[in-house]
Amino acid sequence: MTGKSPFEALSVETLAVRLGANEALCSHIGKDTSRWKVREVGDGNLNLVFIVEGATGAAVVKQALPYVRLVGDSWPLPLKRSFFEYHALTRQQARAPGSVPAIHHFDEGQALIIMEYLSPHIILRRALIEGRQLPNIARDIGLFMARTLFRGSDLHMATKDRKADLALFADNVELCDITENLVFSDPYFDAKMNRHTSPQLDRIVAELRADRDLKVEAQRLKHIFAANAETLLHGDLHSGSIMVTDTETRMIDPEFAFYGPVAFDVGMLLANFWMAFFSQRGHEQSGKRDAMRAYLLDVTVETWSVFRTEFAHLWRTERTGMLYQKSLFEDQGDRLGAEQALDHVLHQIWTDMLGFAGVEVHRRILGLAHNADFETIADEDLRATCETKALKFGRHIAVNRRQIHSIDEVNKLAALIEQEKRI
Ligand code: SR1
Ligand code: MG
C-alpha cells in the first residue's frame with residue numbers, strides 16, 4: 001500500500017495484505033505476515049486502532065475514518081486529522097522527550113500512523129475507575145504540559161517558526177469546531193446530540209441551562225479558546241488520552257492539536273481528575289474508595305504544582321522568544337520584573353484553567369461524549385448523585401474562577417460537595 005492509493009479503511013481481515021510490504025512495520029514486528037495477529041481495539045469516538053503482533057514484536061496502526069465513528073457516516077470528518085496528530089506527536093516528542101509513543105511510519109493518503117505498541121500500559125481512565133493509585137502521573141503529566149505548552153509558545157520559539165506552525169495547525173478547523181460546539185455551547189442549550197443518563201438530572205440540567213452567569217462565562221471561555229493562539233495544545237488531554245503503567249506515563253491521541261490557550265490542556269486534564277473523584281462513590285462495590293478520593297485530590301495538587309514549577313523553571317532558563325524578552329528584564333538587572341511578569345502569566349493560566357475545567361465537567365455529563373467514569377456506574381440513582389455533584393462543582397469553578405485562589409480551596413469545595421447528603 002502506498003500513500004498514492006485512494007483512501008480505504010483497513011480491517012482485521014485486510015491489514016496484513018495491505019501493510020505486509022510496509023518496511024517500517026515489518027522491521028518492528030517481522031516480515032512473515034502468516035504469523036501476524038491483528039486486533040481492532042479502538043474504543044475512542046473517532047478512529048480505527050489495530051494492535052498487530054508479529055514474530056518479533058508488536059505495533060499499533062491507527063487510521064482515521066472519513067466520519068465520526070461514534071455517530072456514523074452522517075457526520076463526515078476529514079482524514080487530515082491524522083496529519084495533525086502526526087505533526088503534533090513529532091513536536092511533543094521534541095519538546096517533552098519520551099512522553100509520547102514513538103512513530104514508525106506515517107501515510108498521509110491512508111490517514112494512518114504506525115506507532116509504538118505500549119505494553120503493559122492501560123488507559124489512565126480505566127486505571128482510575130479500577131481504583132489504582134499511580135505514583136507518577138502527576139509528575140509526568142505536569143512536566144509534559146509545562147514543557148510542550150511553554151516550548152510551543154512565543155515565550156520560547158522564534159516567532160517566525162511559531163507563526164509558520166500556527167498557520168499549519170490553523171487548518172485543523174473541523175476538530176476545533178467539535179470542541180467549540182461540544183464543550184462550550186451544546187451543554188448549555190437543548191442541542192440535538194446532547195444526552196444525560198437519567199431523568200433525575202432533568203432539574204439541574206434545566207437550572208444550568210437557565211443560568212445566565214454560567215452561559216456568559218462559557219462563552220467568554222470559548223472566546224479565549226478561539227482567539228488566544230498562544231501555544232500548540234494537545235487539544236484533547238483527558239484521562240482517555242493517557243496510557244499508564246505503575247511507573248510510566250505516555251500521552252496519546254493529539255489529533256485535536258492547534259494553537260490555543262495554555263490553560264485549556266491543563267483545565268481539561270484537571271477536570272478529568274475531578275470527575276474521577278466524583279465518580280468514585282459509584283465504584284465502591286468491592287470496598288470503600290476514601291483513599292482513592294484522597295489520592296485523586298492529591299494528584300490535582302501535585303499536577304498543578306509540578307506544572308507551575310516547571311513552567312517557572314523554563315521561564316527563567318528558556319525564555320528565548322519575543323515575549324517578555326530578557327533584554328527588557330534580566331539584561332537590565334531587573335530579575336524582579338521578570339518574576340512579576342511570570343506571576344501575571346501564571347495567574348491568568350490559573351484563572352482560565354478553572355473555567356475550562358468547569359465546562360469540561362459539564363460537557364461530559366450533558367453533551368454527546370460522556371466519560372466511562374460515570375457511564376460505568378450501573379446504579380442509576382448513584383450515578384445521578386455522582387453526576388449532579390460534579391455538575392454543581394463545575395458550575396462553581398467556572399463562574400467563580402476569578403475569586404478562587406488556590407487548588408486547596410478548589411479541593412475543599414470538591415470534598416464538601418462530595419459529602420453532601422441532600423443534593
Ligand atoms: C465527536 S468527538 C467527541 C469527543 O471525542 C474526542 O475524544 C473529543 O474529546 C471530542 O470532544
Ligand atoms: Mg481521542
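Just follow the structure's listing: the first ligand is 1, and inside any ligand the first atom is 1. Below, each value reflects all heavy atoms present in this structure, side chains not excepted, and no hydrogens, waters or symmetry copies.
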Hey, what polar pairs (N/O, under 3.5 Å) does ligand 1 make with protein?
residue  : atom   : partner : partner atom : Å
ligand 1 : 5 (O)  : Asn45   : ND2          : 2.7
ligand 1 : 7 (O)  : Asp236  : OD2          : 2.8
ligand 1 : 9 (O)  : Asp236  : OD1          : 2.7
ligand 1 : 9 (O)  : Asp236  : OD2          : 3.3
ligand 1 : 9 (O)  : Arg363  : NH2          : 3.1
ligand 1 : 9 (O)  : Arg364  : NH2          : 3.2
ligand 1 : 11 (O) : Arg363  : NH1          : 2.8

For His283 and Arg289, does a side-chain donor sit closer than 3.5 Å to a side-chain acceptor? no
Do we see a donor-acceptor contact under 3.5 Å between the side chains of Glu248 and His121? yes
So does Ala24 get a backbone contact from the side chain of His28, meaning a donor-acceptor N/O pair under 3.5 Å? yes
Between Thr148 (side chain only) and Arg95 (backbone N and O only), is there a donor and an acceptor less than 3.5 Å apart? no
Quick one: report the N, O or S atom of Asp253 that is nearest to the Mg ion (ligand 2). OD2
Mind checking whether Asp154 and Glu230 have side chains closer than 4.5 Å, heavy atoms only? no
Answer yes or no: are there more than 12 heavy-atom neighbours, outside Arg139 itself, under 6.0 Å from its atom CZ? no
